[in-house]
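The structure appears below as structure tokens.
This structure is a prediction, so every number in the text was calculated from the model and none was measured. As the structure lists them, so they are numbered: ligands from 1, and atoms in each ligand from 1.
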Amino acid sequence: MSNIIDGKLVAAHIKARVAAEVKELKQKGINVTLAVIVVGNDPASEVYVRNKEKACKELGIISKVFHWDFSDPKMGQDRILELIESLNYDKGINGILCQLPLPAGYDEKVITNAINPSKDVDAFHPVNVGKIMLGDYDFLSCTPAGIMEMLNYYNIDVTGKECVVVGRSNIVGKPMSMLLLNENGTVTTVHSCTSNLAEVCRRADVLVAAVGKPHFITADMIKEGAVVIDVGMDRDENGKLCGDVDFESAEKVAGYITPVPGGVGPRTIAMLMKNTLTAAKQ
Ligand code: GUN
């Protein structure tokens, strides 16, 4: 039976620290402010953005949500770039994020790259990605950073450990591998073209699943006592929220495991709040 990692507990600690500093800045006349751009009506994005707004309110951060719904992406994209430009120059805005995915026809790369790196609280801009790669950063990508905070909170040192990251997305898999490497882990990234994926996973002391496939990681792919981190936010065949890891079987083998929900999710938003505070302090 594994130890269940409580994401909400770790998030609460991070949020408490951020809230105290936000309050201090407020006393000096600085209102920490986050601009959130949402394009279209993706139901998952609506939920994520609502949770971000809720977290801001809880911590005393002002959130300004810009909801854009253009049917013509060609015209819409230009308008969003204009909005980003004005937010980049607005001294009252500390952090800017554009919720992904964008509707078909929009160019995520162009929009992400338009955000001033010093306000890029998602750390998606190439400048911030490059800084993470060099281990000398202002902002860390929120999901991987939340995972590192959690490992730290549970005194799990990755130095010299076999760390396997399943998935190579720009948002999670790649920065996750980089952060584990920065902390001296021996890191392998596996993905859809890896031929012996299960075998590599079985070597992992720390296994991070970020593939977006329900129950993809089963108990036979996990080493006895491994730390298993589940980034998945999937739906099973009955439409129930679940992760990339088959929790029921995995928990019998793993040493530590994150549940879904209540694992990685809450920490991700806490790290966004921390990045917004960092932007304001700059
Ligand atoms: N869509 C899913 N996760 C994220 C995230 O962390 N940031 C943004 N901007 N969009 C997302």
Side-chain angles (χ1 to χ4, degrees), residues 7 11 14-15 18 33-56 61 63-68 77 80-81 83-84 87-88 93-104 106-117 119-129 132 137 139-150 167-176 178-179 208-213 229-235 241 243-244 258 260-261 263-279:
I14 301 165
K15 282 177 167 177
V18 173
T33 307
L34 172 68
V36 180
I37 304 169
V38 194
V39 189
N41 298 299
D42 178 67
S45 290
E46 308 252 336
V47 176
Y48 285 134
V49 169
R50 243 193 335 266
N51 287 339
K52 287 172 186 179
E53 280 183 275
K54 216 168 100 193
C56 281
I61 294 175
S63 61
K64 293 191 176 174
V65 178
F66 298 85
H67 206 145
W68 296 72
Q77 172 137 333
I80 287 164
L81 289 173
L83 170 66
I84 291 174
L87 294 170
N88 279 342
I93 299 287
N94 306 114
I96 306 169
L97 73 85
C98 182
Q99 190 65 28
L100 303 179
L102 292 168
Y106 285 86
D107 189 333
E108 280 184 6
K109 200 161 96 180
V110 169
I111 288 179
T112 302
N113 292 5
I115 295 173
N116 184 326
K119 296 190 177 186
D120 168 40
V121 286
D122 265 329
F124 290 171
H125 191 284
V127 165
N128 289 322
V129 174
I132 292 170
Y137 42 76
F139 304 119
L140 282 176
S141 341
C142 300
T143 301
I147 292 169
M148 296 312 290
E149 288 264 351
M150 179 271 300
R168 54 174 163 175
S169 70
N170 289 334
I171 294 183
V172 183
K174 285 183 195 168
M176 186 74 246
M178 205 44 66
L179 295 196
V208 181
V211 267
K213 290 187 183 156
I229 310 293
D230 191 349
V231 182
M233 274 286 180
D234 315 315
R235 299 268 165 195
L241 186 65
D244 291 349
T258 60
V260 176
V264 171
R267 285 191 305 273
T268 298
I269 292 193
M271 295 318 289
L272 174 69
M273 300 296 110
K274 189 175 169 188
N275 281 349
T276 307
L277 172 67
T278 303

Practice task
Under the side-chain contact (heavy atoms from CB on, under 4.5 Å) rule, what do K64 and I93 come out as? Steps first, then yes or no, please.
Solution key: CA-CA 9 Å; K64 293 191 176 174; I93 299 287; 4.1 Å; yes
What distance separates [X] [atom1] from [Y] [atom2], expressed to the nearest 0.5 Å?
X	Y	atom1	atom2	answer
D120	I96	CG	CD1	8.5 Å
L81	I115	CG	CD1	10.0 Å
K15	L277	NZ	CG	14.5 Å

Exercise for the section: For atom 1 (N) of ligand 1, find the nearest protein heavy atom and state the residue, atom name and distance (0.1 Å precision). Expected result: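 Residue, atom and distance for the closest contact: L100 O, 2.8 Å.
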Handout entry: Whether D244 side chain and G212 backbone form a donor-acceptor pair below 3.5 Å
Key =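 It does hold such a pair.
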Sub-4.0 Å heavy-atom approach of [X] to ligand 1:
X	result
D122	yes
C142	no
M271	no

Practice task
Please confirm whether I171 comes within less than 3.5 Å of ligand 1 when only nitrogen or oxygen atoms on both sides are compared.
Solution key: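 No; the residue has no nitrogen or oxygen that sits under 3.5 Å from a nitrogen or oxygen of the ligand.
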Exercise for the section: Before signing off on this row, confirm whether Q99 and ligand 1 have an N or O atom pair separated by under 3.5 Å. Expected result: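 Yes; the residue has a nitrogen or oxygen that sits under 3.5 Å from a nitrogen or oxygen of the ligand.
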Handout entry: K52 and ligand 1 - part of the residue with a heavy-atom distance under 4.0 Å
Key =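 Side chain only.
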Practice task
Taking all heavy atoms of I132 and all of M178, pick out the closest pair and write down the distance.
Solution key: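 Of all heavy-atom pairs spanning I132 and M178, the closest is O-CG, 3.9 Å.
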